[in-house]
Amino acid sequence: MIFTLTRKRVYQILIRTSILTRRLSTIETKNNDNDDDDDYSLSTIMTDSVQVKEGKANIRLPEGAVFYNPAQVYNRDLSVACLRLVSKHHHENECKRIQKNDPQTSCIPFEQLSAGVRQENGLKIAEALSATGLRSVRYAKEIPGIDTIYANDIDAGAVESIKHNVQSNDVQNLVQASHDDAMNLLYSHRKPENQFHVVDLDPYGTPGQFLDGAVQCIKKNGVLCITATDMASLCGNNPHSCYSKYGSIPLHQPFCHEFALRMILYSLHMQAARYDRIIEPLLCMSIDFYVRLFVRINYGSAKAQSQLGDIATVYNCTHCTSFFFQPYGQASLDERNNAKFRYAQGPPVGTSCTHCGSNLRVGGPIWLGPLFDHSFVSELIGSIEQAPHDSYAYRDRMLSMLYVVKEELPNPLYFDNTKLARIMHTQVPQNKVLRSAILNAGYRVSSTHARQDAIKTDAPHEVIWDIMRALAEQSPTKRSAVERLNTDSPYYRLLTKPSTIQVDFTEHPDWESEARKNKLIRFMGNPHARWGPLGKAVTKKKRPSDESDSTTEKKQMKSDEDLSSDENL
């Protein structure tokens, strides 16, 4: 008993020492930081009132109210760039509408509009979960053609911070602080005359509970900006939690990050279809530890019904990770724009995988349609390249990811090169070899922004396994020699299956993408080693001075008792 208590006491001392060491290292890091405004380091976790400069905004972070995560600067930079393009399209459409009614009316080009100046009939934006108002202030100061921005938060302290930051940045003419529940704000703007052109949802965790209100309060051709940081649920660690949030079952596979995007789009599609609205993804990306989606909402019951063909359940092999889609139906529009529905045929696979004979697990439903509007992405790249270099802190990284997105095929999900090699017990194939073999077989291939060592292709799975089988024969390993003896193993069934094509590894002239040929950076690493999410923001309530003194004395007495016990030990 004495030994157990002593060991427990030693563990407490070691833990206390570890915490003290981390605190000292944090203090040292803060003291060594440069005063450069553009240095976003992980030590920028605010506990006191601090001024922060980001883009053209200067904001004050109140004591203990919120944190400032430098990893989210990229999110806000990308949002500013996208909404600037959305504002341009909206302004051009408004000009066409006005000139249609009155051809003599002149319209100012978007390039001559000034940011920070209220534009009549401009964008009406709602940031439902605003915190300090940083995002809204940046929108007001960096995007021309804005009418009104609602910076809303349910926390009274956060609203006071929003008001202070709006006033200090001199954007009172554009940004309106709102103290309300996010759902109340969205539902109270469902009438057509009160709807928003843009709704931005950036919650801590899941945006699932806000999607219904956001879909109802968005104007025709409006844009939803959605962030989801609950990647543990979306990537398959907690399938039951994901189902309760999005109505879909995740799959814990290398393609889980794209799967997460498609589950959110499915959930958004279901919310929109209830109100005869359709979704048109403009740009949906997996970034670091979260996903970010920019989706246009359009109207039309027939169009909403025709999107039924873009919804499918996924059958996933537990061994070779092959995936098979079971669409919910076949829907299209006829010459009169009426929806035509036909039942889907299935199932796409039997009770076991057709390639290795292993069991199948069921995931989804997911969205099978495209994740990007390639014309929007191309225009966005041009807009960022033409902007001044100091417009975005992560300009190079944005262009890096957008170049990959521009080349990415619309086919759902992707193959991980390392996983393919592990399944076939062979060395990881070079991109040149694998891509050339697919192109020589007559199919297309591309990279994916969600994973660096992965490929997207429109080739059937049989072709992929034919290529991997040929690679395994060329470079056998000790593990493969052992597995060949087990005739009941999935590997043996994959290896001995007849080939459907004549595999050709001759280098194809188009195996390199245009970005790679032009030596453009396509995948950039994180600026810091510990680059990720922070804890949830919690507002600290200030105590009266006498209560604070009493608490400090109690903590000091407790600390003295602990030190005395440690000395005795």
| task | Any chance you could lay out the side-chain hydrogen bond (donor to acceptor under 3.5 Å, both in side chains) test for Tyr246 and Ser233, step after step, and finish with the verdict? | result | CA-CA 10 Å; Tyr246 304 101; Ser233 297; over 6 Å; no
| request: Mind running side chain to side chain contact (heavy atoms under 4.5 Å, CB included) on Leu78 and Cys82 for me, showing each step along the way? | output: CA-CA 6 Å; Leu78 183 64; Cys82 287; 4.2 Å; yes
| query | Would one find more than 12 heavy atoms of other residues, nucleotides or ligands at under 6.0 Å from atom CD1 of Ile108? | reply | no
| query | How many angstroms lie between CD1 in Ile366 and CG in Leu413, if you round to the nearest 0.5 Å? | reply | 5.0 Å
| At what distance, to the nearest 0.5 angstrom, does OH of Tyr328 lie from OG1 of Thr313? | 3.5 Å
| field | Closest non-hydrogen atom pair, Asp153 against Val159 | value | O-CG2, 3.4 Å
| Just wondering, are more than 12 heavy atoms of other shown residues or ligands nearer than 6.0 Å to CD in Gln172? | yes
| With distance as the sole test, does His90 use its side chain to make a donor-acceptor pair with the main-chain N or O of Asn121 at under 3.5 Å? | yes
| task | Nearest 0.5 Å please: distance from the CD1 atom of Ile149 over to the CG atom of Leu123. | result | 9.0 Å
| Is Asn316 reaching over with its side chain to a backbone N or O of Thr321, donor-acceptor style, under 3.5 angstrom? | yes
| said: Apply side-chain hydrogen bond (donor to acceptor under 3.5 Å, both in side chains) to residues Asn238 and Ser241 and explain how you reach the verdict. | reply: CA-CA 5 Å; Asn238 302 302; Ser241 174; 5.5 Å; no
| said: Strictly distance-based, threshold 3.5 Å: is any side-chain N or O of Tyr414 a donor or acceptor partner for the main-chain N or O of Arg451? | reply: no
| Stepwise side chain to side chain contact (heavy atoms under 4.5 Å, CB included) check, Val291 with Met285 | CA-CA 6 Å; Val291 292; Met285 300 172 68; over 6 Å; no
| ring pair (Phe, Tyr, Trp, His ring centres under 6.0 Å) against Tyr299, all qualifying residues, sequence neighbours excluded | none
| field | Rounded distance [0.5 Å steps], OG in Ser79 versus CZ in Arg76 | value | 9.0 Å
| Is the NE2 atom of His374 crowded by more than 12 outside heavy atoms at less than 6.0 Å? | yes
| query | CD of Gln345: more than 12 outside heavy atoms within 6.0 angstrom? | reply | no
| said: Test your reading of the model: is there a side-chain donor-acceptor pair from Asn169 to the backbone of Val171, 3.5 Å cut-off? | reply: no
| field | Taking every non-hydrogen atom, the tightest pair across Ala71 and Phe289 | value | CB-CE2, 3.7 Å
| task | Kindly state each residue pair satisfying ring-ring contact (aromatic ring centres under 6.0 Å, His included) with at least one member in residues 217-241, sequence neighbours excluded. | result | none
| request: Before giving the answer on side chain to side chain contact (heavy atoms under 4.5 Å, CB included), spell out for Lys219 and Lys124 the whole-Å C-alpha distance, their side-chain angles and the decisive distance to 0.1 Å. | output: CA-CA 10 Å; Lys219 286 182 177 290; Lys124 188 178 179 182; 5.5 Å; no
| task | Determine, stepwise, if the pair Glu127 / Ser136 fulfils side-chain hydrogen bond (donor to acceptor under 3.5 Å, both in side chains). | result | CA-CA 7 Å; Glu127 188 189 4; Ser136 294; 2.4 Å; yes
| message | Ring-plane angle category for Phe259 and Phe255, please: parallel below 30°, perpendicular beyond 60°, tilted otherwise. | response | tilted
| note | NE2 (His269) and CD1 (Ile278) are apart, to the nearest 0.5 Å, by 10.5 Å
| side chain to side chain contact (heavy atoms under 4.5 Å, CB included) between Val362 and Val314: does it pass, once the steps are laid out? | CA-CA 6 Å; Val362 181; Val314 183; over 6 Å; no
| request: In plain terms, say whether Glu142 and Arg84 are close enough for a salt bridge, that is, a side-chain N and a carboxylate O under 4.0 Å apart. | output: no
| Step-by-step disulfide bond (SG atoms under 2.5 Å apart) determination, Cys107 to Cys95 | CA-CA 6 Å; Cys107 192; Cys95 288; 1.7 Å; yes
| task | From the options Phe415, Phe325, Tyr315, select the one residue that forms a ring-ring contact (aromatic ring centres under 6.0 Å, His included) with His461. | result | Phe415
| message | With a 3.5 Å distance limit and no angle check, can you tell me whether Gln195 reaches the backbone of Gln216 through a side-chain donor-acceptor pair? | response | yes
| message | Looking at Lys96 and Glu92, is any side-chain nitrogen of the basic one under 4.0 Å from a carboxylate oxygen of the acidic one? | response | no
| query | Judged by atom type as modelled, is there a donor-acceptor pair below 3.5 Å linking the side chain of Thr206 to the main-chain atoms of Lys245? | reply | no
| query | Please walk me through it: do Phe196 and Tyr150 pass ring-ring contact (aromatic ring centres under 6.0 Å, His included)? | reply | CA-CA 10 Å; Phe196 299 106; Tyr150 284 78; 5.5 Å; yes
| task | Check Pro410 against Arg262 and note the closest heavy-atom contact, atom names and distance. | result | O-NH2, 3.7 Å
| query | Just by distance, do the side chain of Asn173 and the backbone of Gly116 share a donor-acceptor pair under 3.5 Å? | reply | yes
| Considering all heavy atoms of both residues, which atom of Leu380 and which atom of Leu85 are nearest to each other, and what is their separation? | N-CD2, 3.7 Å
| query | Do you know the tightest heavy-atom contact between Cys217 and Leu186? | reply | CB-O, 3.2 Å
| Could Glu258 and Lys456 be called an ion pair, given the rule that one side-chain N must be under 4.0 Å from one carboxylate O? | yes
| task | Please determine if Arg444 and Asp458 form a salt bridge, counting it only when a charged side-chain N lies under 4.0 Å from a carboxylate O. | result | yes
| Quick check: are there more than 12 heavy atoms from other residues, nucleotides or ligands sitting under 6.0 Å from CZ of Arg342? | no
| query | Counting only N and O atoms by type, is there a donor-acceptor contact under 3.5 Å from the side chain of Ser188 to the main-chain atoms of Asn184? | reply | yes
| said: What verdict does the side-chain hydrogen bond (donor to acceptor under 3.5 Å, both in side chains) test give for Asn75 and Asp288, after you've listed the backbone C-alpha separation in whole Å, the side-chain angles of each residue and the deciding distance to 0.1 Å? | reply: CA-CA 10 Å; Asn75 185 334; Asp288 295 333; over 6 Å; no
| said: Using a 3.5 Å distance criterion without hydrogens, assess whether the side chain of Asn152 forms a donor-acceptor pair with backbone atoms of Asp180. | reply: yes
| query | So, for Phe372 and His449, is the gap between ring centers shorter than 6.0 Å? | reply | yes
| Less than 4.0 Å between a side-chain N and a carboxylate O, is that true for Asp200 and Arg292? | yes
| request: Verify whether the ring centers belonging to Tyr74 and Tyr392 lie closer than 6.0 Å. | output: no
| Does the distance from a Lys or Arg side-chain N to an Asp or Glu carboxylate O, for Arg138 and Asp77, drop under 4.0 Å? | yes
| field | Shortest non-hydrogen contact between Leu368 and Ala312, atoms and distance | value | CD1-CB, 3.4 Å
| said: Does Glu120 have more than 12 heavy atoms from other residues, nucleotides or ligands lying within 6.0 Å of its CD? | reply: no
| Are the side chain of Asn221 and the backbone of Asn298 linked by a donor-acceptor contact shorter than 3.5 Å? | no
| task | Working to the nearest 0.5 Å, report the span between CD of Glu512 and CZ of Arg435. | result | 9.0 Å
| Quick check: are there more than 12 heavy atoms from other residues, nucleotides or ligands sitting under 6.0 Å from OH of Tyr187? | yes
